[in-house]
There are 2 protein chains.
Amino acid sequence: MRPTVHDIAAEAGVSLATVDRVLNGRPGVRRQTVDKVEAAVSRLGYVRDVTAANLARKRVYPLVFIVPGGPNSFLQNLTAEITAAAQRSSIERTSIRIETVPPFDPGAIVSVLDAIDPKTVSGVGLVATDTADVTGAVDRLVEQGVPVVTLVSDLPGSQRIHYCGIDNIAAGRTAASLIGRFCAGRPGNVLVVAGSMKLSDHAERASGFAAVLEAEFPELGLIGPVETNDDAGTVRRSVEAALAAGPEIVAIYNLGAGNRGLIEALAAHKGKLSAVVAHEVTQHSRQALADGVFDAVLNQDCGHEVRSAIRVLKARADGLDLLTAQERIRIDVFLRDNLP
Amino acid sequence: MRPTVHDIAAEAGVSLATVDRVLNGRPGVRRQTVDKVEAAVSRLGYVRDVTAANLARKRVYPLVFIVPGGPNSFLQNLTAEITAAAQRSSIERTSIRIETVPPFDPGAIVSVLDAIDPKTVSGVGLVATDTADVTGAVDRLVEQGVPVVTLVSDLPGSQRIHYCGIDNIAAGRTAASLIGRFCAGRPGNVLVVAGSMKLSDHAERASGFAAVLEAEFPELGLIGPVETNDDAGTVRRSVEAALAAGPEIVAIYNLGAGNRGLIEALAAHKGKLSAVVAHEVTQHSRQALADGVFDAVLNQDCGHEVRSAIRVLKARADGLDLLTAQERIRIDVFLRDNLP
DNA sequence: CTGTTAGCGCATTCAG
DNA sequence: CTGAATGCGCTAACAG
């Protein structure tokens, strides 16, 4: 039978209230008494029953998620997952508010961040552009005691307490390996398409990709990355232009969004490329994989990311530690054959 | 504010005890009264607070896990994950017992299964050989009301309530795709090495692999599967023999364990194969990937499998439903570049 | 500075 | 068949 606050109280020779004060680090207890209680705690190996505590406290965790809106299918999925989590709120003791901001608009993110009241919010999750003003706003919030986690794309220089997303350098490296192996020695160029180098996930993928391509597949040259702001139309035009331009392109890596545009551009090039790799399983990329237009799709499980973000934020809110293994977001590699 | 049992009692005009009886499906309540309570429940949208219920009930979930022992690194990892979960027992209200049985010994599994007392155990997880006697023992247990889940390898014909593991047909298909693409048209044969066709996971991988190889890569012939009982020494000898035998082997797929033996056999064949694919990230396979001896390793996250098994068993024990997305075990595809 | 007491939402005796 | 009362482990007024 694990010890309870009663056992601690008896062991330390004090009352329940005092034990509670010490346990929760509240003031108004003599140094001596604190020591007695702490001694009892460690002597009996006491661990607080968080569920009982939450019950007594009627605790809820008010959380805010900031996500860019727009046509990006992946971000729409992410939003849907947050919504799904919000629907489980009553059972998970959360209270989730979703703030949609215009895409590629650091100012909008900053506004939302600055408007958050540290008294009434116990955690924030956001998909951020890696710019100084956003970092500043995040740091301000963290200093006020509100834990912040980044989703999908990290804010490397910031005080965010956790990043819920994949290792994007490794993702870029993986893409390069797949493309290099699929090309199997055939020389030529690889076109790299990105959304924006202001997104740290895109920048990291690009650098990981370039590193492996150069080191391990010298027969392949690199064209790009061309930036498209994740707009499908721009992606289509960029790819068409590159394909028409001449220097033989044998593979394409789209490390950003706008897969729809890529698919359209490839319609006229059936089977001419050795490898096409893109990111995120969506309606479009799934179809492209099935049709053999894409050869591989790297993916991050946004449901997992959202659940992880919530766990991390809750754990931090009551000073618990977590299972790091459970919070690692995998780089899913999907071929036509292992699509879920 | 979500409704509580008090609200239901007031709404239905009965006492707390009666509400509780209806909620927990206990007998001794008039049909009329049951209806009144149920009406109130659905009218107010009541959902039971499981944590409060567990507190009041001092509930613990006694779980039994049955895992084969022996030198198999993957199974050792699995056991370690179960042990880790057992250490979290007090906070998760579980009480976990691990039963180690000799590998490839259906009889031993059956003995353990039959010795389980349905009164004192609320769930069972096992790594099973797909044989009739094991299926029978599982079904007996389920019929006595003890939920059983399979880990790693399923028991397709049984009454197990859930399978915590990857889609092994898809895994085999994925391996074939990778090997086919890595060979990039070079003709030759692929050697398939398996542990035992009595393990449904091995059988399924083999069939998925063969199907894709035949349909999509006609230039590649298939040799095997040779069975090794997951013994590293046998793997080594089998691979060496096949490699020496003549018919040009350009790739190897080890869909079972014993990677150590495969690595040893390949030491003399550096760089002669177009592709080597194996399963499960362990100390050995990780090194082989880093060294370029293996080109890809398919993996199942056994930590995830164990946590999932526990969630599923607990949820079943109190009639809750679960997030299916969270319980899907992914086929991890690891190249040298995305090893965690 | 410390102790007493009354719940949180639910389950479970024990009477009636 | 039904209800009142007690307690699970913990927190939070409110006294002292």
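Only this structure's heavy atoms are used, side chains among them; waters, hydrogens and symmetry mates stay out. All values reported here derive from a predicted model rather than from experimental measurement. Chain letters run A, B, ... following the sequence lines, proteins first and then strands; every chain starts at 1.
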Distance check needed: [N] [atom2] versus [X] [atom1], whole Å only.
X: A:R26; N: C:dC1; atom1: CZ; atom2: C1'; answer: 14 Å
X: A:I91; N: C:dG9; atom1: CD1; atom2: P; answer: 16 Å
X: B:R48; N: C:dC8; atom1: CZ; atom2: P; answer: 19 Å
X: B:L16; N: C:dC14; atom1: CG; atom2: P; answer: 19 Å
X: B:D20; N: C:dT13; atom1: CG; atom2: P; answer: 11 Å
X: A:N54; N: C:dC10; atom1: CG; atom2: P; answer: 15 Å
X: B:D49; N: C:dG7; atom1: CG; atom2: C1'; answer: 15 Å
X: A:H6; N: C:dT5; atom1: NE2; atom2: C1'; answer: 11 Å

Considering just the side-chain nitrogens and oxygens of A:S15, establish if one lies under 4.0 Å of OP1 or OP2 belonging to C:dG3.
yes
Check the phosphate of C:dC8 against B:T4, side-chain N and O only, distance under 4.0 Å to OP1 or OP2. Yes or no?
no
Nucleotide range of DNA chain D lying under 4.0 Å from chain B heavy atoms:
D:dC1 to D:dG9
Would the distance check show the side chain of B:S89 and the main-chain N or O of B:A86 forming a donor-acceptor pair, the cut-off being under 3.5 Å?
yes
So for atom CZ, which belongs to A:R31, do other residues, nucleotides or ligands contribute more than 12 heavy atoms lying within a distance under 6.0 Å?
no
Within 6.0 angstrom of A:L322 CG, more than 12 heavy atoms from elsewhere:
yes
Can you figure out which of C:dC10, C:dC8, C:dC1 approaches the side chain of A:K58 most closely?
C:dC8
Using the closest heavy atom to pick a nucleotide of DNA chain D for each, name whichever of B:A52 or B:T18 lands nearer the 5' end.
B:T18
Does B:V14 or B:R57 map to a spot on DNA chain D nearer the 5' end, using the closest nucleotide for each?
B:V14
State, without any angle test, whether [X] and [Y] hold a side-chain donor-acceptor pair at a distance under 3.5 Å.
X: B:E280; Y: B:Q300; value: yes
X: B:N24; Y: B:R48; value: yes
X: A:D130; Y: A:S200; value: no

Give one of base, sugar-phosphate or nothing for [X], where a contact means two heavy atoms less than 4.0 Å apart.
X: A:V19; value: nothing
X: B:A53; value: sugar-phosphate
X: B:T51; value: nothing

When you compare the side chain of A:R311 with that of A:Q326, does any pair of heavy atoms fall below 4.5 Å?
yes
